[in-house]
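Below, all heavy atoms of this structure are taken into account, side chains as well, without hydrogens, waters or symmetry copies.
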Amino acid sequence: LDKPRTATMTLKLDTSHRDRLKSLAVAKKRSAHYLMKEAIERYLKAEEAQQAALQSVDDSVALFEATGLHITLSELKIWAKDVKKSRNAQLPACHT
């Protein structure tokens, strides 16, 4: 397995942020470097998930505009109640 390549970046922190990071690193028995990498990884995953969700919405809107296929709010509410009873409840079929 190839080891991921790394690159050095400089990050300037306010003194208060740096001090808080150092305190947390001591409390967690981790390095400040580890905590920063972990925080960046979590941030990237969250932002990428949000971007994927927004893209899904855009794709859904484009599909609706192209086809007119949809489900009504009342159909969605009924499905949501069914999901509470069974997680395998089938979403209603789209229609025009």
Side-chain angles (χ1 to χ4, degrees):
L1 235 184
D2 290 336
K3 187 175 179 182
R5 292 179 18 189
T6 61
T8 300
M9 293 183 74
T10 301
L11 176 65
K12 293 186 179 188
L13 297 175
D14 293 341
T15 306
S16 65
H17 287 129
R18 190 187 71 214
D19 293 343
R20 289 169 57 201
L21 184 60
K22 283 182 180 180
S23 293
L24 189 57
V26 169
K28 295 180 81 61
K29 297 181 177 147
R30 294 287 189 170
S31 67
H33 178 260
Y34 174 89
L35 296 180
M36 288 186 288
K37 283 180 62 174
E38 185 70 19
I40 291 168
E41 182 63 28
R42 288 181 186 184
Y43 174 80
L44 290 173
K45 283 183 180 180
E47 289 297 314
E48 289 166 347
Q50 183 178 26
Q51 290 301 311
L54 292 172
Q55 185 61 53
S56 178
V57 168
D58 289 345
D59 294 346
S60 294
V61 169
L63 182 63
F64 168 73
E65 289 174 343
T67 66
L69 292 174
H70 67 282
I71 61 172
T72 64
L73 179 58
S74 61
E75 291 167 331
L76 181 67
K77 287 180 178 180
I78 292 168
W79 172 75
K81 286 180 184 177
D82 291 344
V83 167
K84 286 183 180 180
K85 296 175 191 169
S86 170
R87 293 185 61 90
N88 297 325
Q90 292 295 310
L91 190 63
C94 292
H95 52 82
T96 55

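Of all the heavy atoms in H70 and T72, the pair that sits closest is CD2-N, 4.3 Å. In this structure, I71 and P92 approach most closely via the heavy-atom pair CG2-O, 3.7 Å. Contact detail for C94 and L69: the closest heavy-atom pair is CB-CB, 3.9 Å. When all heavy atoms of Q90 and W79 are compared, the closest pair comes out as O-CD1, 3.1 Å. In this structure, A25 and S31 approach most closely via the heavy-atom pair CB-C, 3.9 Å.
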Would you please test K81 and I78 for side chain to side chain contact (heavy atoms under 4.5 Å, CB included) and show each step? CA-CA 5 Å; K81 286 180 184 177; I78 292 168; 5.8 Å; no
Please evaluate residues E38 and R42 with respect to the criterion salt bridge (Lys or Arg N to Asp or Glu O under 4.0 Å), reporting the C-alpha separation (whole Å), side-chain torsions for both, the decisive distance (0.1 Å), and the verdict. CA-CA 6 Å; E38 185 70 19; R42 288 181 186 184; 3.4 Å; yes
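Residues passing the side chain to side chain donor-acceptor pair (under 3.5 Å) test with T6: none are found, sequence neighbours excluded.
Here the side chains of L24 and R30 are not in contact, with every heavy-atom distance at 4.5 Å or above. Between V61 and E65, some side-chain heavy-atom pair lies under the 4.5 Å cut-off.
No continuous path of hydrophobic side-chain contacts links V26 to L35 [ILVMFWY only; heavy atoms under 4.5 Å]. I40 and L11 end up in different hydrophobic clusters when Ile, Leu, Val, Met, Phe, Trp and Tyr side chains are linked at under 4.5 Å. Under the 4.5 Å side-chain heavy-atom criterion for grouping Ile, Leu, Val, Met, Phe, Trp and Tyr, L63 is not connected to L76 through any hydrophobic cluster.
Within a 6.0 Å sphere centred on NE2 of H95, heavy atoms belonging to other residues, nucleotides or ligands number more than 12.
For the atom pair S56 OG and Q51 CD, the distance stands at 12.5 Å (nearest 0.5 Å). If you take CG on N88 and CG on D82, they are separated by 12.0 Å, rounding to the nearest 0.5 Å.
Although no hydrogens or angles enter the test, the distance criterion places a donor-acceptor pair under 3.5 Å between the side chain of S23 and the main chain of D19.
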